[in-house]
Novice: 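Mind looking over this structure? Questions follow.
Naming convention: chains lettered A, B, ... in sequence-line order (proteins, then strands); numbering from 1 in each chain. From a predicted model like this one, the values you see are computed outputs, not experimental measurements.
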2 protein chains.
Amino acid sequence: MSSKKTDTRTRILTATWHLMEQRRGQGVSMSDIAKAAGISRQALYLHFDSRTELMIATVHYVDEVKGLNERLEKFQEAKSGIDLLDICVDVWGNHIPEIYGLARALLNTRDTDEATAAAWNSCMGCLHDVCHKIIEALGEEKILAAKWSRSEATEMLYTMISIQNWQQLTMESGWSTAQYISRMKVLLRRTFVDE
Amino acid sequence: MSSKKTDTRTRILTATWHLMEQRRGQGVSMSDIAKAAGISRQALYLHFDSRTELMIATVHYVDEVKGLNERLEKFQEAKSGIDLLDICVDVWGNHIPEIYGLARALLNTRDTDEATAAAWNSCMGCLHDVCHKIIEALGEEKILAAKWSRSEATEMLYTMISIQNWQQLTMESGWSTAQYISRMKVLLRRTFVDE
DNA sequence: ATCTTAACTTTACACTATGTCAATTGACAC
DNA sequence: GTGTCAATTGACATAGTGTAAAGTTAAGAT
């Protein structure tokens, strides 16, 4: 049932992904992608209407392959709000490096492109939900730091674990992934948990 | 002593700045700037070699006009590390909205443009210094939270007060400037200060 | 064996944006 | 007047995205 068209589509998606990671999301043109996929630039438009559509499809493809959703199932194991917080930072902190280039490409164009912004927000929605769950759990356990309303805490948590902050700390300040995870856990626990 | 050339240069810089703030740093072409400054597109290149150079010059111009440096002199009044931290969030939190569009434009191009990245880092250097001073002060007063090394704390503080985080909390989550400042102070104090 | 169709190719073009170049105009100084 | 500076106009080069048209190749149906 795997038609030629489906094969090529997959080849394009993997090529896009690999190029994005290789070049950290910068300087990847449609020509580059076509060359990497072994087809002509114009043939790309037989599969995807626009660059934006290709980017979004690649995000979904990577999500599927890497299975962030399955990774987040680790959450079922969590026994407390603090557990949830730690697992979230572990899973997400190890996930970011694998999608960094693609994420950069999307973040850079989302300002000018409405569709990209929408796709990005929908992808990030699941992370936002996770943040919400964590704060709710801390709230129910009565250990959410008193100075935070639940909605404010959710937004702040979501902001703290953003890809931009990961980039700043690892790419610019030179932290390792382990260091990022460890320090971020400290920051989040001190910020949101009264112990 | 104000030659015609100097006048035009200033006119270009103010036009660039205003356009950037109006359009939040997006979709501002050299043609747009020329039109707003009342000159031809080509004449821009008599004053600035490239778009990048114009952007950087505009940043310096805004810095001069808005006087971030003078604002940071408020720091002389600070009597403690905690004072420093609060003043920093106040000053910076009120400064960001005035440079947001321009900052966006620079952040978007710094990945592809080495000169932009360098200019940006040099501008942000003073903020990084401030972060360093704050952490040193907290360290000397023995109230820097034990889990942080001074260099790690500096990087983390610098990351927390980034423009990207301001954007996420205000533009995307809808917080007011006052709310941003208040919540950020809470986060930073809880994170870095042992009381 | 022939016809059809899907997938892809090549070539060409339109559009936008940055940046360069040459010839020209207008104003002002000496 | 002559020279010079500031700016103008128009033409052009380049890079990237996206569109359109005509031709090729190979698999499948009849």
Novice: So if I take residues 16-32 of chain B and measure heavy-atom distances to DNA chain C, which residues fall below 4.0 Å?
Specialist: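 Going residue by residue through residues 16-32 of chain B, the ones with a heavy atom under 4.0 Å of DNA chain C turn out to be B/S29, B/M30.
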Novice: Write down the atom of B/I96, the atom of B/I161, and the distance for their closest heavy-atom approach.
Specialist: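 Answer, listing the atom of B/I96 first, then B/I161: CD1-O, 4.4 Å.
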Novice: Using the C1' atoms of the five pairs at each end, what is the angle between the end axes of the helix from C/dA1-D/dT30 to C/dC30-D/dG1, to 10°?
Specialist: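 It works out to 20° between the end axes.
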Novice: Less than 4.5 Å apart, side chain to side chain, heavy atoms only: is that true for A/R41 and A/K35?
Specialist: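 No, their side chains stay 4.5 Å or more apart.
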Novice: Classify the side-chain pair A/T10/A/D7 by whether it contains a donor and acceptor separated by less than 3.5 Å.
Specialist: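 There is no such pair (donor and acceptor under 3.5 Å, judged by atom type) between the side chains of A/T10 and A/D7.
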Novice: Between D/dA15 atom P and B/R51 atom CZ, what is the distance in whole Å?
Specialist: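 For the pair B/R51 CZ and D/dA15 P, the rounded distance is 19 Å.
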Novice: Can you pull out every ring-ring contact (aromatic ring centres under 6.0 Å, His included) where at least one residue sits in residues 102-133 of chain B? Sequence neighbours excluded, please.
Specialist: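 Listed once each, the pairs are B/H128-B/Y158.
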Novice: In terms of side-chain heavy atoms, does A/Q168 have a donor or acceptor partner in B/E155 at a distance below 3.5 Å?
Specialist: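 No donor-acceptor contact under 3.5 Å links the two side chains.
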Novice: Taking salt bridge (charged side-chain N to carboxylate O under 4.0 Å, His left out) as the test, write out the residues that go with A/D90, two or more places apart.
Specialist: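 Once residues adjacent in sequence are excluded, the partners of A/D90 under the salt bridge (charged side-chain N to carboxylate O under 4.0 Å, His left out) criterion are A/K185.
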Novice: Kindly write out the residues that satisfy side-chain contact (heavy atoms from CB on, under 4.5 Å) with B/A145, not counting sequence neighbours, or none if the list is empty.
Specialist: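 Residues passing side-chain contact (heavy atoms from CB on, under 4.5 Å) with B/A145: A/R190, B/W148, B/D194.
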Novice: How close or far is atom P of D/dA6 from atom CD1 of B/I12, stated in whole angstroms?
Specialist: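 Rounding to the nearest Å, CD1 of B/I12 and P of D/dA6 are 12 Å apart.
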Novice: Please identify each residue that fulfils salt bridge (charged side-chain N to carboxylate O under 4.0 Å, His left out) with B/D83, with sequence neighbours left out.
Specialist: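 Salt bridge (charged side-chain N to carboxylate O under 4.0 Å, His left out) list for B/D83, sorted by chain: empty.
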Novice: Whole angstroms only, please: what is the CG-P distance between A/D7 and C/dA7?
Specialist: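 It works out to 11 Å between those atoms.
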Novice: Please enumerate all residues that pass side-chain contact (heavy atoms from CB on, under 4.5 Å) together with A/T116, with sequence neighbours excluded.
Specialist: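 If we apply the side-chain contact (heavy atoms from CB on, under 4.5 Å) test to A/T116, skipping adjacent residues, the hits are A/T52, A/L106, A/T109, A/R110, A/D113.
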Novice: Counting only side-chain nitrogens and oxygens, does B/H47 get under 4.0 Å of the OP1 or OP2 atom of D/dA6?
Specialist: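 Checking D/dA6 against B/H47, no side-chain N or O comes under 4.0 Å of OP1 or OP2.
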Novice: Rounded to whole angstrom units, what separation is found between the CZ atom of B/R9 and the C1' atom of D/dA7?
Specialist: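 From B/R9 CZ to D/dA7 C1': 16 Å.
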Novice: Grab the N/O contacts between the protein and nucleotides 14-16 of chain C below 3.5 Å, and write none if there aren't any.
Specialist:
none

Novice: Could you check how far CG of B/L54 sits from P of C/dT18, rounded to whole Å?
Specialist: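 Computing the B/L54:CG to C/dT18:P distance gives 10 Å.
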Novice: Could you list the residues that satisfy side-chain contact (heavy atoms from CB on, under 4.5 Å) with A/R51, not counting sequence neighbours?
Specialist: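 side-chain contact (heavy atoms from CB on, under 4.5 Å) list for A/R51, sorted by chain: A/M20, A/M30, A/M55.
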Novice: Same cluster for B/Y61 and B/I56 if Ile/Leu/Val/Met/Phe/Trp/Tyr side chains link at under 4.5 Å?
Specialist: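 Cluster IDs for B/Y61 and B/I56 differ.
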Novice: What is the distance, rounded to the nearest whole Å, between atom CZ of A/F48 and atom P of D/dT17?
Specialist: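 Spelled out: CZ on A/F48 to P on D/dT17 is 15 Å.
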Novice: How long is the straight-line distance from NZ of B/K133 back to CG of B/L138, given to the nearest 0.5 Å?
Specialist: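 Output value for this atom pair is 14.0 Å.
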Novice: Go through the structure and list residues passing side-chain contact (heavy atoms from CB on, under 4.5 Å) with B/R104, not counting sequence neighbours.
Specialist: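 With neighbours one apart ignored, the set is A/D111, B/Q26, B/Y100, B/Q167.
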Novice: For C/dT18 and B/S50 - does any side-chain N or O of the residue sit under 4.0 Å from the phosphate oxygens OP1/OP2?
Specialist: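 Indeed not, no polar side-chain atom of B/S50 lies that close.
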Novice: For residues 33-45 of chain A, which residues have at least one heavy atom under 4.0 Å from DNA chain C?
Specialist: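 When residues 33-45 of chain A is checked for heavy atoms under 4.0 Å from DNA chain C, the hits, listed by number, are A/G38, A/I39, A/S40, A/Q42, A/A43.
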Novice: Using atom CG of A/L46 as one end and atom C1' of D/dT19 as the other, report the distance to the nearest whole Å.
Specialist: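 It works out to 12 Å between those atoms.
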Novice: A/E140: which residues meet the salt bridge (charged side-chain N to carboxylate O under 4.0 Å, His left out) condition with it, sequence neighbours left out?
Specialist: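 By the salt bridge (charged side-chain N to carboxylate O under 4.0 Å, His left out) rule, A/E140 matches A/R150.
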